[in-house]
Amino acid sequence: MEITGTELGLGILFLILLVSGTIIGLKARLRAKSAADLRGEHPDYDSQAPLSGRVKYPSVDGFRFSGTLWILGLAIALGLTLITISWTQYEKPVYIPDDALLLDETIEIEPPRTAEPPPPPPPPPPPVIEEVPEEEILEEEQPVFMDQTVTEESVVEEKAPEPVKAPPPPPPPPPPKEEPEEIFKVVEQMPRFPGCEDQGGTNEEKLKCAEGKMLEYIYKNVKYPAIARENGIQGRVVVQFVVERDGSITDAKVARDIGAGCGEEALRVVNSMNSMGQKWIPGKQRGKPVRVQFTLPVQFKLQ
């Protein structure tokens, strides 16, 4: 027998109202009896009841129902305990197509560039030779020679050597340019969706388990767009993204779309992987984590 959460909640609410109504009704019934009625029912009852007596008249003794109420409470507690122990919550089955990871054709997209080199400067213009008119050509001046003969009577003045100025320090070298990290498409160990690292087995077995976990996450969170459902649009959307060295998802883009919001929905689910609590296992090349481009097909199929 299957009971939904709504039915269980309504049942517990009805049980609470039943118990509360029973207690309130019993109290109202006992309070409805007047003192004259009680004297008529018990003419021989001694008004001077002993101290051990709980009430003045036995017919309004609320403690005489304690046994019945205790058995009722025990039965209710036992029933709730059995329901709690037997409660099982089943997850809604996720429909995953058999050919979910099958691509109809090879899709090639240029990997995103982290930095583009600046364009080379334009070549300088060729020199322009201008012709000088003959009227502007000046005659070369004849050099003037001075007599620099030194005799015994000549006085030589010694000049103090001029101070030598230190050359200015050379400018600091420019910082080294960061080379853009290469984005691989195929590596020795491809990136994996998290959730299968605790289990043993080979790398191929973990990769197959990770593919199943990834498909389960995709088709559990994807929502068929209302426009596509109303117009009967179905097909395969291809999303490409980069798995970074720390396992995060970047540069997600739609490589092939079928329209009606399906591409945007697939892109939303892929970007939500960054906030699911666990990151991807990054791809490795020669034992070092590297950036890897991943291609993921998402099928939209009306059932």
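The figures here come from the full heavy-atom set of this structure, side chains too, leaving out hydrogens, waters and symmetry mates.
Within the 4.5 Å cutoff, side-chain heavy atoms of M273 are placed close to those of I218. For the pair E265/Y224, no side-chain contact is recorded, criterion being any heavy-atom separation below 4.5 Å from C-beta on. Residues I281 and K206 fail the side-chain proximity criterion, which asks for heavy atoms closer than 4.5 Å. Residues T295 and V238 are in side-chain contact: their nearest non-hydrogen atoms beyond the backbone lie under 4.5 Å apart. Contact of the D257 side chain with the V254 side chain is registered, since non-hydrogen atoms from C-beta on lie closer than 4.5 Å. Looking at R192 and E197, their side chains come closer than 4.5 Å, going by heavy atoms from C-beta outward. Using a 4.5 Å cut-off on side-chain heavy atoms (C-beta onward), V187 and V290 make contact. C262 is listed as a side-chain neighbour of P225, based on a closest heavy-atom distance under 4.5 Å.
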Next item on the list: Could you give me the CA-CA distance, side-chain angles and deciding distance for V222 and R268, then say whether side chain to side chain contact (heavy atoms under 4.5 Å, CB included) is met?
Entry: CA-CA 8 Å; V222 71; R268 180 193 67 82; 5.8 Å; no
Checklist line | Criterion side chain to side chain contact (heavy atoms under 4.5 Å, CB included) on V242 and V292, from CA distance to verdict | finding: CA-CA 6 Å; V242 176; V292 182; over 6 Å; no
Next item on the list: Apply side chain to side chain contact (heavy atoms under 4.5 Å, CB included) to the pair V243 and K279, showing each step before the final yes or no.
Entry: CA-CA 10 Å; V243 181; K279 294 185 178 181; over 6 Å; no
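Taking each heavy atom of K213 and G195 in turn, the nearest pair found is CE-O, 4.1 Å. Scanning both residues, R245 and P289, for their nearest heavy atoms gives CD-O, 3.3 Å. Across all non-hydrogen atoms, the minimal contact from G247 to P282 is N-CB, 4.3 Å. Counting all heavy atoms, side chain and backbone alike, F241 lies closest to L296 at CE2-CB, 4.0 Å. Closest approach of V237 and A266 over heavy atoms only: CG1-CB, 4.0 Å.
Going from atom CG of N271 over to atom CG of L267 covers 4.5 Å, rounded to the nearest 0.5 Å. Residue L17 holds its CG atom at 9.5 Å from CD1 of I24, rounded to the nearest 0.5 Å. The structure places OG1 of T202 at 11.5 Å from NZ of K208, a figure rounded to the nearest 0.5 Å. Expressed to the nearest 0.5 Å, how far CE of M214 lies from CD of E216 amounts to 12.0 Å. Here the CZ atom belonging to F300 is positioned 11.0 Å from the CD1 atom belonging to I233, to the nearest 0.5 angstrom. Residue Q189 holds its CD atom at 9.5 Å from CD of E204, rounded to the nearest 0.5 Å.
For CD1 of I227, the number of neighbouring non-hydrogen atoms (other residues, nucleotides, ligands) closer than 6.0 Å is 12 at most.
Within the 3.5 Å criterion, the main-chain N or O of E188 finds a donor-acceptor partner in the side chain of Q285. At distances below 3.5 Å, not a single donor-acceptor pair connects side-chain atoms of S248 with backbone N or O atoms of E244. For the pair Y219 (side chain) and Q299 (backbone), a donor-acceptor distance under 3.5 Å is present. A donor-acceptor pair under 3.5 Å is formed between the side chain of N274 and the backbone N or O of I249. Panel note: side chain Q234, backbone L302; a donor-acceptor pair is recorded below 3.5 Å. S272 places a side-chain N or O within donor-acceptor distance of the main-chain N or O of V269, the cut-off being under 3.5 Å.
Hydrophobic clustering, with ILVMFWY side chains joined whenever heavy atoms are under 4.5 angstrom apart, keeps L18 apart from I12. A continuous path of Ile, Leu, Val, Met, Phe, Trp and Tyr side chains, each step under 4.5 Å between heavy atoms, connects L215 with V239, placing both in one hydrophobic cluster. In terms of hydrophobic clustering, with Ile, Leu, Val, Met, Phe, Trp and Tyr side chains grouped at heavy-atom distances under 4.5 Å, L74 and I71 are assigned to a common cluster.
The aromatic rings of F193 and W280 sit perpendicular to each other, their planes meeting at more than 60°, with 30° as the lower class boundary.
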